[in-house]
Amino acid sequence: MMTRNKLFFCAWLFALPLMAQTYVLDTLKDQYTFVNWKANKIKMAETSPAFKKLFCKLDTIAKGGEEDVHIFHIGGSHIQADIYSNRLRSYLQMMSPTAKGQRGFIYPFSIAKTNNPGNYRVEYDGEWKGYRCSVRKDSVAWGLSGVTAVFKDSLANVKIKPNGNNYHDNMYDFNTMRIFYDNWSTDYEISFKQDSLVANITEDKKAHFVEYAFNRSVDEIEFCIRKKEDIPNAEFLMMGIELMNNNKGVQYTSIGVNGGSFSYYDRCRYFEDQLLLYKPDLFIVSVGTNDAYHPDFNPKKYKEYYTDLIKLVQKANPDCAVLLTVPNDSYYKKQIPNPRTRIAQKIIYEVAEEQKMAVWDFYEIMGGFNSSQSWYTNKLMPRDRIHFTVMGYRIKADLLLQALANSWENELQLQPNSILKQIINE
């Protein structure tokens with residue numbers, strides 16, 4: 001479903017540098033009356049001790065104190081494009097001098113021949129073939145990212161620049177790098193353009209990564225993947241990259257693959273092993289648009305997958321705050337409004353109540369059933385009425401920021417809008 005919209009993403013990403021990060025909600029409420037502005041809240045967060053702990057840690061950072069907060073955000077094409085999730089990342093990492101954490105886990109989507117976010121850049125050579133867990137005919141080992149690029153030739157060079165078209169001058173550097181892989185064994189070796197840069201190498205065979213500690217910080221890296229011998233069936237599977245440093249602050253990890261759904265992420269052999277490397281403080285679940293897209297949507301299975309993911313997150317961190325987001329209203333095959341999103345909405349509330357999680361109901365906020373037509377008419381969604389335009393994503397990000405900030409203020413009994421004003425630098 002999502003592959004045909006790659007061109008939309010590319011156009012939006014090139015447009016991003018032209019649009020400064022300015023909070024937009026205050027100027028739009030009278031213009032977009034079809035949006036249910038009053039519904040923009042985090043529901044049930046007040047009954048979760050995990051959210052109080054999260055907000056206390058965020059408050060420490062907002063006041064200039066040192067604290068670590070790791071946010072995970074998982075979804076489909078909305079998250080792979082990393083437009084509205086990066087906007088949230090930038091807001092949270094710029095709210096105080098101590099807020100910017102490391103860039104963390106990314107995927108070099110370009111080598112897999114799919115759209116790469118504009119906030120980091122990837123250059124490469126060599127012949128790579130990309131596989132996504134969301135493509136049924138694809139069959140390969142996947143990890144946390146749900147994307148794997150396979151290299152079978154003799155030599156490939158890859159260059160990662162973590163500072164692309166960001167909203168702010170939010171530059172990242174790093175002194176440690178992980179490369180997540182499969183089928184490396186003794187067939188391939190990795191070397192760096194600056195050999196003297198590497199101080200130490202460790203390998204984790206269970207989580208399938210090799211870690212390089214550098215003797216100084218860098219803001220970009222170039223490495224080479226080279227076949228050791230002429231082995232006919234040798235192959236190198238790239239499953240992800242992590243850029244690390246010693247900074248405290250907010251780290252925002254977005255995990256998204258075009259067409260991603262629960263059933264597809266369930267195909268990722270090393271997903272659990274790699275997720276358990278981390279201890280997330282907030283896990284935002286934005287999986288559901290693709291699950292409920294087709295007429296064969298299975299509500300029972302959807303609920304089972306949702307519950308299983310939450311249990312996995314709790315295994316990584318029992319004190320993690322989990323936010324379930326209801327998918328946006330959308331059209332099926334650009335022809336009719338999708339009635340199955342309402343079913344997904346009901347299931348998400350059931351799961352939230354049973355598992356004591358919070359909900360951000362973006363479906364309700366958009367205006368409910370067939371509201372995507374109004375968003376499309378007002379140029380906030382493209383013709384597919386599944387994705388959003390740049391302005392549409394800006395509104396979505398600012399809505400979620402506002403809802404989180406208001407919940408934070410309510411939980412810690414702070415002055416209304418005090419946190420929001422600080423974050424948006426008013």
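Scored by the side-chain contact (heavy atoms from CB on, under 4.5 Å) test, Asn175 finds Ser217, Asn245, Asn246 as partners (sequence neighbours excluded). Under the salt bridge (Lys or Arg N to Asp or Glu O under 4.0 Å) criterion, Glu364 pairs with Lys43, sequence neighbours left out. In this structure Glu411 satisfies the salt bridge (Lys or Arg N to Asp or Glu O under 4.0 Å) test with no other residue, sequence neighbours excluded. By the side-chain contact (heavy atoms from CB on, under 4.5 Å) test, Pro318 pairs with no residue at all, sequence neighbours left out. The side-chain contact (heavy atoms from CB on, under 4.5 Å) search around Asn410 returns none, not counting sequence neighbours. Considering only residues two or more places apart in sequence or on other chains, Lys333 meets the salt bridge (Lys or Arg N to Asp or Glu O under 4.0 Å) condition with none of them. For Phe223, the ring-ring contact (aromatic ring centres under 6.0 Å, His included) criterion is met by no residue, not counting sequence neighbours. Every side chain to side chain donor-acceptor pair (under 3.5 Å) that Asp398 has, sequence neighbours left out, goes to Arg87, Tyr91. Listed by chain and number, the residues in a salt bridge (Lys or Arg N to Asp or Glu O under 4.0 Å) with Glu350 are Lys303, Lys346 (sequence neighbours excluded). The side chain to side chain donor-acceptor pair (under 3.5 Å) check on Thr98 picks up Ser96, with sequence neighbours excluded. Checked against side-chain contact (heavy atoms from CB on, under 4.5 Å), Ser407 has the following partners two or more places apart in sequence or in another chain: Ile42, Ala45, Phe55. Judged as a side chain to side chain donor-acceptor pair (under 3.5 Å), and not counting sequence neighbours, the contacts of Thr253 are His70.
Inter-residue side-chain proximity for Ile365 and Trp37 is flagged as unmet; no heavy-atom pair is nearer than 4.5 Å. Between Val359 and Tyr349, some side-chain heavy-atom pair lies under the 4.5 Å cut-off. Inter-residue side-chain proximity for Ile61 and Met95 is flagged as met; some heavy-atom pair is nearer than 4.5 Å. Counting only heavy atoms from C-beta outward, the side chains of Asn290 and Tyr264 never approach each other to under 4.5 Å. With a 4.5 Å cut-off on side-chain heavy atoms, Asp82 and Asn116 do not count as touching. At least one side-chain heavy atom of Asp329 sits under 4.5 Å from a side-chain heavy atom of Phe369.
Side chains of Asn115 and Gln80: a donor on one and an acceptor on the other come within 3.5 Å. Side-chain atoms of Ser286 and His78 include no donor-acceptor pair closer than 3.5 Å. For the residue pair Glu242/Tyr278, the side-chain donor-acceptor check at 3.5 Å is satisfied.
What you find for Ile241 and Met238 is that their closest heavy atoms are CG1-SD, 4.1 Å. Here the closest non-hydrogen pair linking Ser85 and Ser254 is OG-CB, 4.1 Å. Across every non-hydrogen atom of Ile424 and Leu401, the tightest pair is CG2-CD2, 3.9 Å.
Using modelled atom types, no side-chain atom of Ser145 and backbone atom of Tyr107 make a donor-acceptor pair closer than 3.5 Å. Put simply, the side chain of Arg132 never gets that close to the backbone of Val257: no donor and acceptor are under 3.5 Å apart.
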Practice problem: Kindly determine whether His208 and Tyr270 satisfy ring pair (Phe, Tyr, Trp, His ring centres under 6.0 Å), including the steps that lead there. | Solution: CA-CA 8 Å; His208 288 260; Tyr270 306 123; 3.9 Å; yes

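Within the cation-pi definition used here (under 6.0 Å to the ring centroid, within 45° of the axis), Lys421 does not qualify as a partner of Tyr23. Remark: Arg340 is positioned above the aromatic ring of Tyr332, its terminal NZ or CZ atom under 6.0 angstrom from the ring centre and at most 45 degrees off the axis.
Within a 6.0 Å radius of CD in Gln415, no more than 12 heavy atoms belonging to other residues, nucleotides or ligands are found. Crowding of Asp296 atom CG: a count of heavy atoms from other residues, nucleotides or ligands under 6.0 Å exceeding 12.
In this structure, Tyr306 has its ring center closer than 6.0 angstrom to the ring center of Phe262.
Ion pair Glu211/Arg178 flagged as a salt bridge, since at least one NZ, NE, NH1 or NH2 atom sits closer than 4.0 Å to an Asp/Glu carboxylate oxygen. Using a cutoff of 4.0 Å between basic side-chain nitrogens and carboxylate oxygens, Asp384 and Lys334 are not scored as salt-bridged. A salt bridge between Lys161 and Glu123 is present, with a side-chain N of the basic residue lying under 4.0 Å from a carboxylate O of the acidic one. By the 4.0 Å N-to-carboxylate-O rule, Lys53 lies too far from Asp281 to be salt-bridged with it. Taking 4.0 Å as the cut-off between side-chain N and carboxylate O, Glu220 and Lys159 count as a salt-bridged pair. Using a 4.0 Å cut-off between charged side-chain N and carboxylate O, Glu272 and Lys315 make a salt bridge.
Ring geometry for Trp375 against Phe388 counts as perpendicular: the plane angle is over 60°, on a 0 to 90° scale with 30° as the lower cut. Under the 30°/60° scheme for interplanar angles, the aromatic rings of His73 and Tyr252 are found to be tilted.
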